[in-house]
Peer 1: 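The structure that follows is given in the form of C-alpha cells.
Please read these numbers as outputs of a predicted model, since none were measured by experiment. Reminder, nothing fancy here: chain letters follow the sequence lines and each chain counts from 1.
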Amino acid sequence: MALKIITALFRPEEFFGELSKEEAAFAVPFGIVIIYSILSAVAGYQMAALMAPMYDVALEGYGGVIAIFGAIGGFVGGIMVWIVAAVLFYLVSMAFHGEGSMKKVLEAVGYGMAPLIAAAGIGIAYLAMVADQVVAPVIRDIMDTTVAEEAVEAFMNQPVMADFTLLQTFLSVVFMIWAANIWYYGIRHARKLKARDAGITVIIPVVLYLIIVIASYGVF
Amino acid sequence: MKKVMILLVLSIALTCGIVGTSTASQVGVIDVSLDPEVFFPHDTGTVTIVIKNTGTDSVELSRVNLQGTRSIYVIESPHYIGVGRLGAGDTMTTSFTIRAGNEEGIFYPRFSLNFVPSGNMMFPISLKVDKTPIEAGIKTRPDTFMEGKKDVVVVSVGNPRENSLSGVTITPQTGIANTVPTSIFIGTLQPGEKKEAEFSVTPTGTGDITFNVEYRNGQNRQTVPLTIPVVPGTAKRVPEPIVSNVEVTSIAGGYRITGDVSNAGLETARSVVMTTKDPAEPIDPFRVYVVGALDADDFSSFEVTFTAKDAETVPLVTRYRDDDGNLYEEVTHVTIQSGPMPVAEQDGISPMVIGIIGLSVVIVAGALLYSRKKR
C-alpha cells in the first residue's frame, strides 16, 4: 500500500499507466480518503473547540456539541471532496468523450488526495502548537448578527489565527497543485483522454477551487 | 497644715499672755480647716474653726468674728453676737465664707473671740493664694490627620499645686471630628500626680478640636482649654497599595484581569481584597480575590473575573484596612477592549509559518519535477 502511494505521489504517469490495466480497486484510495477525512475531522474539531468559548454565554453548555459538529463536518467534508472532485472530473471529461468508468475516476481521485493528507496533518500539528495562544471573544447575543460577525472576524484576525489561515491557504494551494498533478495522470488514464483534454478536465475544477481558496483568504 | 498648727499653739500662748485673764486662758482654738486648702485668686471657700473651753468653769462669749485682709474678703459670717455660754470642756465650731482677691501670697485673716464681761482672744489664720493652674498638654497626636481615618490623641494632666484637685474631667469639643469617648473623668489629682486620657479622633473636615480640662478647687470650677488644629492631609505612615503588571484577557463569558498589587506605603495593608465594580459585574471563579495582609514593600499576584457590557474601562477595586480597621478603597481604571477582543499588533508572519510554507513549496515542486521527469 505504501509503495503504491509513493509511486502515485512521485511517478504518477507510470503508476496510473499500470493501474489502467487493472480493474478498479478501492481499498487503497478509500483508505487514503478515510485518513484524509479523519484528519479533516480532527482539524474541524480543533477549530470548533477553539471557537466554542465564543458561544459560551449565548449557548451555554453547548461547547462540546459545537466541537463534535465541527468534527463531523470535517469528516463529511473529506468524503465530499473525493466524491465531488470525481463527479466534476467525470462530467468535464465527458466533454472530451472520456471512456473510463466512474469507479476508475473515483480510484484515481482517491490516490490523488494523498498529498492533501500532508496538508491536513501539517495544519493540525501547527494549530495544536499555537492553540494556547488563541483567544476567543465572547458573543453574548447570538441573535445580534453584526456582533457575532465582528467576533468571528476578530477571532480570525488575531495574529496567531491570521498566521494559521495564511499557512492553511498556502498548504491548500501548494498541495492541491500536487494533487492536481496526480489527478491529471489519473484522469488521463482512467478516462483514456489526450494529455490536453486531461489537463483541461483537471485544471478547470482545480483552478476554480484555488480561486475560491485564495479569494476566501481575502486576496481579491 | 503644719504652719497652721504652729500658729495655733502660738496663738493659744499669746492669747493667754496678752489677755491674762482666767476666762480667756481656758478657751482656745483647737482646729482650723480651709476648703480649699490653697486658694486660686478669686476663689471662694470656707474657714472652719473649732474652739474649746478647756477650763473647769463655763465661759460666756459675746462675739465671734473673722477679720479679712486686703486680699481676703469675708463674704459670709455667722455674726455670733451674744453667742452664749461655752460650758467647761465644750467645743464650738464656727465657719466663715471667704473669697480670695487677685493677689498671690500667704495672708492672715484674724479670728477673734470676745468674752463677757471683758476680755478677748485673737487668732491669725494662715491662708495661701496660689494661681498655679493644672498642667495639661497633648502628649500624643498624629503628625497629619487624615479625613475618615481614626487617630489617637492623648491628653496628659498633672497637678503641680500643693493641694489636691478634684473632679478632673476632659471633654473634647469640636464640630469637625468624631471623638471617642465623648468625655473622660479622671477624678482627683493629688499634688504632684499625673494622669493621661486617650481619645480616638476621626476627622470629618478641617477645623479645631478643643480638649477642655475641667477641675474643681474646693467648690470653684476651673477650665483649661487645649486646642489643636485639624487639617486633614496625607499621612506619612500609611499603607499604599499599587496595582501594576495588569493584563486583561477574554475568557468564556467575560474577562480576566491578572496583575500584581504592591504595598508601597510604610504600614501593613490588612485584609487586601481585589474585585471589580459597576459597570463590570464580577463572575466566578474569581469574583473577589483575597490577598490578605500585605506588608510594606511586599507584593502579591491577583486574578479577578468579570463581565462588562458596553464598557471600555472597568474600575478595578483594591479594598484594604489599616491597623485600626479603617476601610479604604482604591480604584484603578483598567482598559478593556472596545470590541469583543483585544486588537493585537501584527508583527509580521511567523517565521515558523514561512518555514513550513517554504519547505512545502520545495517538496511539492520537487515532487512535480520528479514526476514529470522523462524516463
Peer 1: Please give me the minimum heavy-atom distance between A:Val174 and B:Ser360, naming the atom from each residue.
Peer 2: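 Where A:Val174 meets B:Ser360 most closely, the heavy atoms are CG1-O, 3.7 Å.
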Peer 1: Give the minimum heavy-atom separation between A:Phe10 and B:Tyr370, together with the two atoms involved.
Peer 2: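 The pair with the smallest heavy-atom distance is O-CD2, 3.1 Å.
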Peer 1: Testing the basics here: between B:Ile363 and A:Trp178, what is the closest heavy-atom pair and its distance to 0.1 Å?
Peer 2: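 Closest pair (atom of B:Ile363, atom of A:Trp178, distance): CG2-CZ3, 4.2 Å.
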Peer 1: For atom OH of A:Tyr45, decide whether the heavy atoms of other residues, nucleotides or ligands shown that lie under 6.0 angstrom number more than 12.
Peer 2: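 Incorrect, the count does not exceed 12.
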Peer 1: How about CZ on A:Phe69, more than 12 heavy atoms from neighbouring residues, nucleotides or ligands closer than 6.0 Å, or not?
Peer 2: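 Count not over threshold, so no.
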Peer 1: More than 12 non-hydrogen atoms from neighbouring residues, nucleotides or ligands closer than 6.0 Å to CZ on B:Phe299, yes or no?
Peer 2: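 Count not over threshold, so no.
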Peer 1: Give, as side chain, backbone, both or neither, the part of A:Leu171 having an atom under 4.5 angstrom from any heavy atom of chain B.
Peer 2: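 Looking at A:Leu171, just its side chain touches chain B.
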Peer 1: Would you find more than 12 non-hydrogen atoms of other residues, nucleotides or ligands less than 6.0 Å from A:Met129 atom CE?
Peer 2: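 Buried by this count: over 12 neighbours within 6.0 Å.
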Peer 1: Test side chain to side chain contact (heavy atoms under 4.5 Å, CB included) on B:Met352 and A:Asp163 and set out the steps.
Peer 2: CA-CA 9 Å; B:Met352 186 190 289; A:Asp163 280 354; over 6 Å; no
Peer 1: Rounded to the nearest 0.5 Å, what separation is found between the OH atom of A:Tyr184 and the CG atom of B:Leu368?
Peer 2: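 Here the interatomic distance stands at 13.0 Å.
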Peer 1: Are the side chains of A:Phe164 and B:Val353 in touch, meaning some heavy atoms are under 4.5 Å apart?
Peer 2: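 A:Phe164 vs B:Val353: side chains apart.
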Peer 1: For residues B:Ser371 and A:Tyr185, report the shortest heavy-atom separation together with the two atoms involved.
Peer 2: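 Heavy-atom minimum between the residues: O-OH, 4.2 Å.
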Peer 1: Which answer fits A:Ile182, side chain, backbone, both or neither, if we ask what part of it has an atom under 4.5 Å from a heavy atom of chain B?
Peer 2: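 A:Ile182 has no heavy atom closer than 4.5 Å to chain B.
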